[in-house]
Every structure is written in C-alpha cells, then in structure tokens.
Amino acid sequence: MSDHNANEPDRKAEPGLDFIRTLITADNASGRFDSRVHTRFPPEPNGYLHIGHAKSICLNFGVAREFGGKCNLRFDDTNPLKESQEYVDSIREDVKWLGGDWEGREFYASDYFEQLYQHAEQLILAGKAYVDSLSADEIREHRGTLTAPGTESPYRNRGVEENLDLFRRMRAGEFKDGEHVLRAKIDMASPNVVMRDPTLYRIRHAHHHRTGNAWCIYPMYDYTHCISDSIEGITHSICTLEFVNNRELYDWTLDTLGIYHPQQLEFARLNLTYTVLSKRKLIQLVEGGHVNGWDDPRMPTISGLRRRGVTPEALQDFCARIGVAKADSVVDFSLLEFCMREHLNAVAPRVMGVLDPIKVVIENYPDGQVETFDMPYHPEDASHGSRTVPFSKVLYIERDDFREDPPKKYHRLAPGVEVRLRYAYYITCREVVKDADGNITELRCTYDPATKGGWSQDGRKVKGTIHWVSAAHALHAEVRLYEHLFSVENPNAAEEGKTFVDYLNPDSLKTVTAMLEPALADVAPGTRVQFERIGYFCADKDGTPGKPVFNRTVGLRDSWAKIEKKEGA
RNA sequence: UGGGCUGUCGUUCAAUUGGCAGGACGGCGGAUUCUGGCUCCGCUAAUCUAGGUUCGAGUCCUAGCAGCCCAGCCA
C-alpha cells in the first residue's frame, strides 16, 4: 500500500494537465485501479452549495467524463443535528443544474451505517479501537497540544470483550449522549494530531433525516468517508486541502481494515474577491437577514447565481479557467463576470429597457401616430428571430444619454446634436425643459423622417446610437441592480473588533422602476436578456404575467465610463 | 515553538521534467461597429531570499523567509 502516499506525479505527464489529471493519467497508464476512474462529489446536506462547490463538482464530474469513468453523488450525512432534507433537495437540484450527472448513483453515508458498525466491531476485535469513557473536555486535555504529545486515556487498555460489550450497549441506547465514544487506538504521541486516537463514534440520541431513530450512535467523518469511498469503489477521492492531515487517518483506517483503498487527493479550495465562501458565514448572512435567503442573487450560492441569471455554461467555463492546483489563491471576481458576459453575449436576446428615464418629445412627429419596427433579437445571430417595437411621439431615453453641456468625446444626445435612436430614427435635440429647481424634465427634439429604420440615404453619420422606449407603450417594471455584496476585496480579513458583516456593501441592491419595451410583458421567470447598452438581466420568479421583475446578472463592459473617469481625473 | 501543505506577471493556471518563462483575466493602446457591447490587433508584467551544482536552474542540492492547515464527541 506504499503507493497510496504517491501524491506527487512521478511517472509521466502531459503538459498542461493539472496535477490531478496528471496523476490519473499515470495511474491509468500503469494499470492502477485496473485503469478505472471513479470519483464522487460528497457534500454534507447542512447548507446550500456555493461556487466553491461548483469547482469541486466540475472537477469530479469533469474528470470522470474525460477519462470515461463515473462520478457518484454521495451525501455525507453523519451528523443528524445539522442536516436536513431541504438541503438534500437543493443540492440535488444544484448539481443537476450545473451539469453533474450521477446516473442514478445517489448514495448516502447513512446507507452504510450497518457496514460501518460492523467494521467498527472488526477494529475492536483487532485491538485497534476502544471505548473511551472520558468526557469531551477530558479527551481534549489528554490530546496534548500542537507541540506537546498527548497522554493516553485510562480506558485505553480495556479488554476486547469489554469494548465489544460497551460498544454494543452504546448502539442499544443504554447510555446518554457523551457518556462514551469509540476511539481508534493509534498513537497519542503522533506529531499529527489527527492520529492521536481519533473519535470514531459518538452517542447522539437524535432523529436523522433518513434513518429516523434507528441509530443513536453516529460515525465521524474520517471514519465514514474512507469506508464509503471504499464501498463504492472510488478510485480517486478528491477533496480540499484542509484534509491533507486527515489522509494519514484515511489510509490507516482502510489499511487496518484491509479493504479496498482509493487514493485521496487534495486541491486548493476556491476563494473569490468581494465574497465569503464559508458555510458558517453564508448561514450567518441568511439568518441575520443581511440577504433575502439562500438564493438571493447577491449570494455566491449556486441557487443565488442561478437566480441572478448566470448560466451553467458560464459557471463551467469559470471552473475550467481557474484551474486546479494546491496553492491557496483568491480568484478575481472580474473573471466570473467575464465568463457571464462571454456566454450571455452568445445566447441572450437583445431588448430595450430604460433604467433611469427622461422624457423625449418628438415635436415634428404626428400626434397619436404609432409606428412599429421589427427588430432582431440578436444582431449577430438571426436564429433568435425578431420582435415588434412601437414608436410614437413621446419616448423615454436614459438620463445618462443626454448632457446639456457634453464633455469631450461624449457621443450621445446634447443640445443641437443629432443621434440615432436604435433601429428607428435620427433625432436632434432642440430644447431642454426644466422644472423650478433646474432639473431636466423633458427634451424637445425633432426627427428626420428620411432616416426611418435608423439609417440615412445621404451617408450622413451620427456618432451615437441610444436606446429608447415609447412612453405610451412602456412596461413599468421592477429592476434590481446588484453589486458586490461586500465593499472590500477580502471581507474575511476583518480588522480588530470587526467581522465580515461590517464590510457589507450598503449599495449591493438598488431597485428601480424601469421602462421596458412591451414585448417583455409576459416573459417567463428565468429568461435571460440583454438590455441593449446596459447589461444582462434575468426575469425573476417574483414577477407575474404583465408585471415582470428583472435581476441584473452583470453589466456590459463600459468603456465610456472609463474614458469619463480618466478625463475627469 | 510539533507536523503537514504551498510560494512563477496585478490575479490565476502552465512550462515537453535541466534547454529561449507561455496562456487566460485585468490594465493600457489601436482597428471595426446602428449596442462606447461583441469581434480583431498590439503592448504591459513574474520565477520568495541567499548560497551551491551545471555549458545552462522556475525545475536539482543546502540554508533561510513568508503564507495556509491541524489541538470538534463538525465536515
């Protein structure tokens, strides 16, 4: 079993592969595991999956697919106090949505409770496990410290028969929580604290979401995970870096039991700027009411990202781009945004919506007249088809698309300036109307009838093209504009006396009433569109027929904002 | 101060295992454009430190330094 320590690729490699795929390639070449590849994604159903899990899902299912192998979905449900069916359901949905296909191999650690129990008796019989009757506090005291060895429990040398009897009575429910535990008998002086007689079973008179009240003793992670992997014939058990120390116990358990032994491999978990990714903190955000539930579009949860409008393809692409390695890293949120735009650009239909409207009256356009324009849903992909958009005398345009005193390089509407209304007409601003406070309330413009469709026969060019919506036909819709949940890159690094909650971005959600083109009236929740020149949006489930609600997935790149910022500075 | 893991452009992942340090994101500049979007082109910028071996070191050796993980009856 010496080769189970072979975490470093040392046989052969294909350049460009990550260290996990490199190792698997070598294993396949050498015939280890009969050249099979079988992975698993093993979440604990105690919270919603987040983008860090997405990395693991893409890795495990991806590796299986690439090597012609299999990947199981296994719920690591050994702690009845924290787990629930709600989480099982959400996890199943999220994995499926992300493209993970476990082909019916949906397993639960709790499926193996009886086998796990039998193996525990096997360890007792072999003199490799004992029932300890120390309290939790006493066990901690006996464990020693990082620099000092531990001391053995006075119960460590109980006889096999006594251990067996006690353990069976633990199972039978004769003891209260905490009265006894089953421990592996390894080495209280090990420099690896994990190996100082780790707890294998604890007593918990608790209802389990799947096994009900069948058990009152529950196995611990280290003991359960390796045996579960073994039972399922897993070849490569991929987990995150914090389990490196646990690998020694993983190997010890399987070797001591003498059963099939997969290879544990550890990679660095994902960190993302402007977000927190620990379950504890995400739960705190939900329970503290800082967000509106696990699927709040600001959450880095898979359900949150989905509701925000991120596509599974974008998430898969993101996971492929960040790579897999063993060095701790923090990925730039802008890479995620890039991946969102990359895919949405290809698949999202274009529509027009005005987020911050200002009224425009076309003075020379006939009162009461309505024209309709047929506009393509996607300028580069005719397969998306087209829709009809009404045009009339009174319109809305974006407030930011007009400047009374335009700065240099400003290409949009200004007094005396002609611009193109997307797919419609050229208009020129003639007059600015203001209220008593000097706020602009209306723009009086004229249009050139000869530019119908947004194009001039005489070859005349306009510098700007802006989007618009006919006021009389506009759909008044709620639009939610999301920004980073946190205002600092690393909310985890809180200064003295503060926590990550103190770094929440007060402007992470801004709700506006936008003016949308009428074609959007009955859009189905989950539909993703691009509001031209603004960004990508996704119809939210809070919307109703005729009254849609949109979430901003991500804004378009805005090079004008950069220019303006630079000129201003 | 025990043990383990990790150090390469601003970020992230590579480097045919000792042979010109490359890609992507970001940033900057340009072309194109009925979305200041998309697309295209160009530029920018890195081997933790100090020694050593070698014709040649990101890669091997020695000694340091820095970061992360571990003392749950959590996973």
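Reckoned from all heavy atoms, side chains included, excluding hydrogens, waters and symmetry mates. Per chain, numbering begins at 1; letters A, B, ... match sequence-line order.
- The nucleotide whose nearest atom lies closest to any side-chain atom of A:Q530 is, among B:U35, B:G2, B:G72, B:U35.
- Across all strands shown, B:G37 forms no Watson-Crick or G-U wobble pair with both distances under 3.5 Å.
- In this structure, the nucleotide among B:C13, B:U11, B:A75 sitting nearest to the side chain of A:D76 is B:A75.
- Between A:F19 atom CZ and B:A15 atom C1' the separation is 17 Å, expressed in whole Å.
- For A:P191, the side-chain atoms get nearest to B:G3 when compared with the rest of B:A14, B:C73, B:G3.
- With B:A24, B:C74, B:U35 as the candidates, the nucleotide lying closest to the side chain of A:R321 is B:A24.
- Between A:F107 and A:Y112, the ring planes lie tilted relative to each other; the angle falls in the 30° to 60° range.
- In terms of polar N and O atoms assigned as donor or acceptor, the side chain of A:E380 comes within less than 3.5 Å of the base of B:G37 in a complementary pairing.
- Between A:F19 and A:F267, the distance separating the two ring centers is not shorter than 6.0 angstrom.
- Nucleotide B:G22 is shown with an anti base, its glycosidic torsion being more than 90° from 0.
- At a cut-off of 3.5 angstrom, the base of B:G36 holds no donor-acceptor pair with the side chain of A:R557.
- Under 4.0 angstrom from either OP1 or OP2 of B:U33 there lies no side-chain N or O belonging to A:T465.
- Rounded to a whole angstrom, the distance from the C1' atom of B:C20 to that of B:A15 is 12 Å.
- Relative orientation of the A:F486 and A:F500 rings is tilted, given thresholds of 30° and 60° on the angle between their planes.
- Atom CZ in A:R280 sits roughly 15 Å away from atom C1' in B:G72 (whole-Å rounding).
- Residue-to-nucleotide proximity on RNA chain B shows that, of A:E44 and A:D18, the 5′-proximal contact is made by A:D18.
- Taking syn as a glycosidic angle within 90° of 0, B:U17 qualifies as syn.
- Candidate nucleotides B:G26, B:A75, B:C74 were compared by shortest atom distance to the side chain of A:S334, and B:G26 ranks first.
- Regarding A:N192, its CG atom lies at a distance of 11 Å from the P atom of B:C5, rounded to whole Å.
- For the pair A:E266 CD and B:C69 C1', the interatomic distance rounds to 11 Å; values are reported in whole Å.
- A:I322 has its CD1 atom 15 Å from the C1' atom of B:A14, to the nearest Å.
- Using a 30° and 60° split on the angle between ring planes, A:Y250 and A:H225 fall in the tilted class, from 30° to 60°.
- Using N1 to N3 plus N6-O4 or O6-N4 for Watson-Crick, or N1-O2 and O6-N3 for G-U wobble, each under 3.5 Å, B:C65 pairs with B:G7.
- The side chain of A:R202 places an N or O atom within less than 4.0 Å of a non-bridging phosphate oxygen (OP1 or OP2) of B:A75.
- Residue A:L270 contributes atom CG, which lies 10 Å from atom P of B:C13 at whole-angstrom precision.
- Closest to the side chain of A:N345, out of B:C38, B:G72, B:C70, is B:C38.
- In this structure, A:H225 forms no aromatic stack with the base of B:A75, since the conditions of centre separation below 5.5 Å and plane angle below 30° are not both met.
- Relative orientation of the A:H384 and A:H378 rings is parallel, given thresholds of 30° and 60° on the angle between their planes.
- If you take OH of A:Y155 and P of B:C73, they are 17 Å apart, rounded to a whole angstrom.
- A:D137 and A:R140 make their closest contact through OD1-NH2, 2.8 Å (heavy atoms, listed as atom of the first residue, atom of the second, distance).
- For A:N245 against B:G3, a side-chain N or O and a base N or O form a donor-acceptor pair under 3.5 Å.
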